[in-house]
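A quick write-up on the structure given underneath.
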Amino acid sequence: MIRTKTAIVVGAGAAVEIELPGHEELLKRIAQGFDFQRLGSDLETAEMRDFDTLFGKLKGEGDALREAALRIRAGARMASTIHALLQQHGSDKHVLAAGKLAIAYYTLQAERQSAMTAEPRDPGDMPFRGTENWLFQLGYMVVNGVPRAKAEHCFDNLHIVDFNTGRAIRHFMPWVLHSGFGMPVTEAQALCSERLKIVHPYGRAGRLDWESGNEAKAQWGAEDNKTLFNVAEGIRTASEFIDDRNAKTMMAGGLTNARRLVFVGFDFNSLDTSLLFQERLTHGPETLVSVSEGERGRVDTIRRVLKAHGGIGPEALVALHTGPSWQMLSDNGLSIES
């Protein structure tokens with residue numbers, strides 16, 4: 001069990017580690033899906049046809065959305081992420097609508113095509129197999145040593161900030177409780193719905209069937225373009241998150257109360273970092289960071305960013321691990337649980 005107030009910041013690199021698209025791949029897929037010049041040729045794709053059909057369903061807006069999609073395609077060359085691109089076009093309602101629709105579309109498609117299944121293939125298994133992944137390592141720390149009678153308290157000290165629009169953590173965690181405590185999945189889902197605290201700065205592609213709330217529902221990997229416009233309403237731009245007082249307060253509260261910060265697949269890009277550290281932390285939380293092999297050359301920059309923007313000095317940075325996030329969590333599991 002995690003016994004110390006801990007905030008876990010999950011970035012796009014964490015999605016890549018569990019075979020879901022990261023920032024670069026998502027932006028690339030959207031740009032390719034908006035290549036309407038290939039419609040009617042041998043090079044057209046199902047995604048191009050889907051977007052052309054979806055835009056056409058909005059009476060009087062189809063042409064404007066297609067033109068906006070082409071602006072997104074062109075702008076993709078000069079943007080690091082789709083979220084940064086939408087921030088650059090923040091006053092263009094058609095760009096925002098087309099971009100959010102594309103994020104929802106590809107998020108659900110990625111869930112559908114991923115190795116994480118809607119339900120475990122075998123009884124007692126997990127929907128994403130294996131122990132060498134950060135979801136398993138996090139789940140293990142959540143339930144380890146917790147009596148079944150106190151299962152409702154296993155999330156008490158955990159606060160998650162997830163910069164992905166997918167629902168991997170929400171989908172996986174009930175199965176952790178089901179396996180760890182032997183409770184029915186429905187009971188585990190109810191407990192997660194009530195107790196699991198996750199903030200999505202960029203929103204998410206719908207709420208899962210068992211979750212409470214007012215957002216549009218979308219099953220894991222849902223394939224229903226009829227509801228996609230409603231699901232897309234759950235996607236937020238950076239500016240919309242900043243204007244959402246409740247979401248901002250929840251994230252800030254989790255960070256300021258945390259005695260420990262754990263970064264999982266977070267690449268410290270400028271937009272995500274500015275949203276996370278809207279105010280510098282003054283209490284110097286113990287900090288652990290996983291950095292992918294491809295980010296090895298940015299280790300010194302990450303240290304400077306943590307100090308300058310987060311107020312986290314070298315004395316608080318207890319681990320800066322280069323390699324898979326699951327390895328960092330596994331190596332430091334005893335410390336994180338303490």
Side-chain angles (χ1 to χ4, degrees), residues 1-8 10 14-20 110-162 164 166-198 200 204 206-213 217-222 260 262 264-265 288 290 324-338:
M1 178 180 180
I2 298 175
R3 295 171 174 81
T4 298
K5 293 292 184 183
T6 299
I8 296 185
V10 182
V16 175
E17 290 188 24
I18 55 173
E19 303 176 30
L20 294 169
E111 290 179 353
R112 191 162 60 249
Q113 296 175 350
S114 76
M116 189 179 300
T117 54
E119 294 186 2
R121 294 183 177 90
D122 299 314
D125 206 344
M126 306 297 286
F128 190 79
R129 289 180 167 179
T131 62
E132 295 183 351
N133 68 79
W134 62 268
L135 279 172
F136 178 88
Q137 296 298 328
L138 175 59
Y140 176 87
M141 288 186 284
V142 165
V143 301
N144 186 37
V146 181
R148 170 66 176 83
K150 295 185 177 181
E152 64 181 28
H153 296 294
C154 64
F155 296 124
D156 284 359
N157 297 312
L158 179 63
H159 178 87
I160 298 174
V161 180
D162 190 350
N164 298 292
R167 293 84 52 81
I169 302 172
R170 297 174 184 273
H171 177 57
F172 188 83
M173 201 57 70
W175 295 101
V176 169
L177 303 188
H178 169 67
S179 178
F181 297 123
M183 63 175 58
V185 173
T186 52
E187 182 181 349
Q189 290 170 338
L191 195 155
C192 286
S193 182
E194 180 182 357
R195 298 280 185 164
L196 182 59
K197 300 178 288 294
I198 306 178
H200 291 266
R204 54 178 171 150
R207 60 187 171 98
L208 297 167
D209 283 350
W210 50 266
E211 291 186 281
S212 59
K217 288 184 179 181
Q219 295 179 349
W220 177 260
R260 181 180 298 118
V262 181
V264 179
L288 300 89
S290 69
S325 297
W326 74 265
Q327 190 70 66
M328 186 269 284
L329 293 177
S330 177
D331 291 348
N332 294 277
L334 291 177
S335 173
I336 295 173
E337 284 189 61
S338 65

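- For the pair Trp220 and Pro127, the minimum side-chain heavy-atom distance is 4.5 Å or more.
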Report all side-chain donor-acceptor pairs from residues 190-197 shorter than 3.5 Å, counting only partners two or more places apart or in another chain.
from	atom 1	to	atom 2	distance (Å)
Ser193	OG	Ser212	N	3.3
Ser193	OG	Ser212	OG	3.3
Lys197	NZ	Phe155	O	3.0
Lys197	NZ	Leu158	O	3.4

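- Atom CD of residue Glu19 and atom OG of residue Ser114 lie 7.5 Å apart, to the nearest 0.5 angstrom.
- Expressed to the nearest 0.5 Å, how far CG of Asn133 lies from CD of Gln327 amounts to 12.5 Å.
- Rounded to the nearest 0.5 Å, atoms CD (Gln137) and CG (Asn144) are 11.0 Å apart.
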TODO: Check the pair Met173 / Leu138 against side chain to side chain contact (heavy atoms under 4.5 Å, CB included), numbers first and verdict last.
DONE: CA-CA 9 Å; Met173 201 57 70; Leu138 175 59; 4.2 Å; yes

TODO: Under the side chain to side chain contact (heavy atoms under 4.5 Å, CB included) rule, what do Trp134 and Val10 come out as? Steps first, then yes or no, please.
DONE: CA-CA 10 Å; Trp134 62 268; Val10 182; 3.9 Å; yes

Open item on the list: Assess the residue pair Trp175 and His171 against the criterion (side chain to side chain contact (heavy atoms under 4.5 Å, CB included)); give the C-alpha distance rounded to whole Å, side-chain angles, the decisive distance to 0.1 Å, and a yes or no.
Closed with: CA-CA 8 Å; Trp175 295 101; His171 177 57; 4.2 Å; yes

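- Checking side-chain atoms of Arg260 against main-chain N and O of Ser335 turns up a donor-acceptor pair under 3.5 Å.
- In this structure, Asp156 and Glu152 approach most closely via the heavy-atom pair OD1-O, 3.9 Å.
- In this structure, Gln219 places its CD atom where only 12 or fewer heavy-atom neighbours from other residues, nucleotides or ligands lie under 6.0 Å away.
- For Arg207 (side chain) and Gly213 (main-chain N/O), a donor-acceptor pair under 3.5 Å exists by modelled atom type.
- Nearest heavy-atom pair across Arg170 and Ile198 is NH2-O, 3.3 Å.
- The heavy-atom pair separating Asn157 from Ile2 by the smallest distance is ND2-O, 3.0 Å.
- Between the side chain of Arg129 and the backbone N or O of Arg121, no donor-acceptor pair lies under 3.5 Å.
- For Tyr140 against Glu337, the heavy-atom pair with the smallest separation is CE2-OE2, 4.0 Å.
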TODO: Would you check, one step at a time, whether the test side chain to side chain contact (heavy atoms under 4.5 Å, CB included) holds for Ile169 with Leu135?
DONE: CA-CA 7 Å; Ile169 302 172; Leu135 279 172; 4.0 Å; yes

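- Remark: the backbone N or O of Ala218 is paired with a side-chain donor or acceptor of Arg167 at under 3.5 angstrom.
- Distance check: Ser290 OG to Asp331 CG gives 11.5 Å after rounding to the nearest 0.5 Å.
- With His178 contributing its side chain and Pro184 its backbone, the two residues share no donor-acceptor pair below 3.5 Å.
- Using a 4.5 Å cut-off on side-chain heavy atoms (C-beta onward), Phe181 and Val146 make contact.
- The minimum heavy-atom distance linking Cys154 with Val142 is given by the pair CB-O, 3.4 Å.
- Here the CZ-CG distance, from Phe172 to Leu177, works out to 10.5 Å after rounding to the nearest 0.5 Å.
- Rounded to the nearest 0.5 angstrom, Lys150 NZ and Met1 CE are separated by 8.5 Å.
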